[in-house]
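Working notes, structure below.
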Amino acid sequence: MTENVPPAIRVRFAPSPTGYLHIGGARTALFNYLFARKHGGTFVLRIEDTDRQRSTPQAIQAIFDGLRYLGLEWDEGPEKGGAHGPYFQSERLPRYSRYVERLLAEGKAYRCFCAKERLAELRQRQEAAKERLHYDRLCLKVAPAEAERRHRGGEPGVVRFKVPEGQTVIEDMIRGRVVVEHRELEDLIVQRADGTCVYNFAVVGDDHEMEISHVIRGEDHLSNTPKQVLLGQALGFQVPRYAHIPLILAHGGGKLSKRHAAVSVTDYQRMGYLPEAMINFLARMGWSYDDKQEIFTLEELIEKFSLEKVSKSGAMYDLKKLNHLGAHYMRRRPVGDLVDLALPLLVRAGFIASEDIARERGRVEKMMDLERDRIEFMEQIVERVRYYYQEPSTLDDGATKVLRKKPDAATVIERYAASVDAAVPEDAWRPGEHAALDAHARELAAKEGLSLADLAQPLRAILTGRSATPGLFEVMAILGKATCLRRLARAREVFARVGGT
RNA sequence: GGCCCCAUCGUCUAGCCAGGCCUAGGACAUCGGGUUUUCAUCCCGGUAACAGGGGUUCAAAUCCCCUUGGGGUCACCA
């Protein structure tokens, strides 16, 4: 019976820590995560830091932070451990020399002593002759014993894999059958002159030793795949199944880079995009479920994800869609969560002193309640609530227009100020308590023969400096009686300044 | 340039594998309208696509070929 037990599903996300966690990388991580969770498998994180020049600790940290922000916790990997460590490729490198030895001993690889200059020259020649850019196998002529002797004698050289004749067929889970003729491949270097192994070799070893069952990665790796399959076969490894997901393209087409938009997950985290919005957005780039559902929680994605539904063509990055999702989830989160997210930003903006956080919480919650369906990511909250903390020193265009347009708005406001002061008691100005303000304004407008808009719009302009805010009376209730009356008392000045009457 | 991958509204896509149910569906964006103290939400409606050409078939968005277009990749980088 035991032979019927299907092999465990193990996938990995294997970023190289150069720079930041790219949005495309995050999506690759998501697809791996989803696939693992869906099938009860294991999601492994492996850091491919073999490029010592370009790898940085900050970049490694950015990967951890980015994945955690998105909620894609790995089952095995750095800071987590597991039975297949170490999870930094740099720490794994030494263990591959025995594989190199094996290839050498079996005649599947050979030492190459060609100088870089010769290689460059060769390449130039081939380019000029419009030939395939391939190593010419000069060192294949060196007898193995002779090569060993020279190697032991200290002559610098690399080890090349001898690509056999024939073709390799990849049954890609997304792309279907991909056939590559071996003559298109050159004898790739597997071990450098300094004794370290090259990426294409290291992955094969790592994936094998980590018992990776499915390799889900970007399409840019598709051309690496035949090399890795060949290497794996030469070593007698069980080769994993492959799934190459389409790339994310920049808006006008072409590779997405920092020129086009923020491409680092860290940036989006900083801007305060809700992770569930990010996840939903990422998932829908290149994957779809049916013709009905666009909104998915992580849990639903786990349930509904499948590689067959990943599309083959590249997806263009569309910030507007992200923003739409951002706004969508903003309306769904418990307001308390939103307050937690907003508070630090308000402190940083200087609106709230850090020691006042606890005291201000209730008021911020009311603001958040009003603003939540007007923002797409949390950083936008700062500008939206500025007028609660700072007297509006300038008016936006809309507000200016309102004040200029209404002929006797200034006197209306003065009458309103006196009236509201007398008619609406202090305790009807608390956050959330705006019914009395509302009723009073309607009454006054009726008495003056004005529409509510005639009264409310100039009021809003004076009170907030804006022509667009949440419901005026809700806003006023949060602002408080004293602040409102103070701002209204200066209405004349403001009118004079903008040229209204 | 060689090789590989891809091709439905502006964008993400459903439909294609198992050809008729497609006068091609949804979402974002956009444009109108409604609700509203403004904005946003919400609701209603509109514009908008099978890249082109050949086949196969009674029938093709769906299958095949070519062209065109786009992307990727060709390192002692990962």
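Atoms considered below: every heavy atom in the structure, side chains included; atoms not considered: hydrogens, waters and symmetry mates. In what follows, chains are A, B, ... by sequence order, proteins preceding strands, each numbered from 1. Remember, predicted model here, so these are calculated numbers, not experimental data.
- The one candidate from A:Asn200, A:Val190, A:Val100 that meets the side chain to side chain contact (heavy atoms under 4.5 Å, CB included) condition with A:Phe161 is A:Val190.
- If you check B:G26, B:C76, B:C5 against the side chain of A:Arg284, the one that comes closest is B:G26.
- Using Watson-Crick or G-U wobble geometry with both donor-acceptor distances under 3.5 Å, B:G32 finds its partner in B:C44.
- Scanning atom types as modelled, one donor and one acceptor separated by under 3.5 angstrom connect the side chain of A:Lys321 and the base of B:A27.
- The partner of B:G19 cannot be assigned: no Watson-Crick or G-U wobble pair with both contacts below 3.5 Å exists in any strand.
- The partner of B:G1 is B:C74, by the rule that a Watson-Crick or G-U pair needs both atom distances under 3.5 Å.
- Using C1' as the reference atom, B:A49 and B:C16 are 16 Å apart when rounded to the nearest Å.
- Counting only heavy atoms from C-beta on, A:Asp373 has its side chain closest to B:A40 among B:U13, B:A40, B:G72.
- Closest approach to the A:Arg442 side chain among B:U11, B:C4, B:U37 is made by B:U37 (side chain taken as heavy atoms from C-beta onward).
- Nucleotide B:A60 is matched to nothing when pairs are restricted to Watson-Crick or G-U wobble geometry with both distances under 3.5 angstrom.
- When distances run from any side-chain atom of A:Arg460 to the nucleotides B:U37, B:A14, B:A78, the shortest one goes to B:U37.
- The listed nucleotides are B:A78, B:C4, B:U73; the one nearest the side chain of A:Val178 is B:C4.
- Comparing B:U73, B:U37, B:A78 by their closest approach to the side chain of A:Asp220 singles out B:U73.
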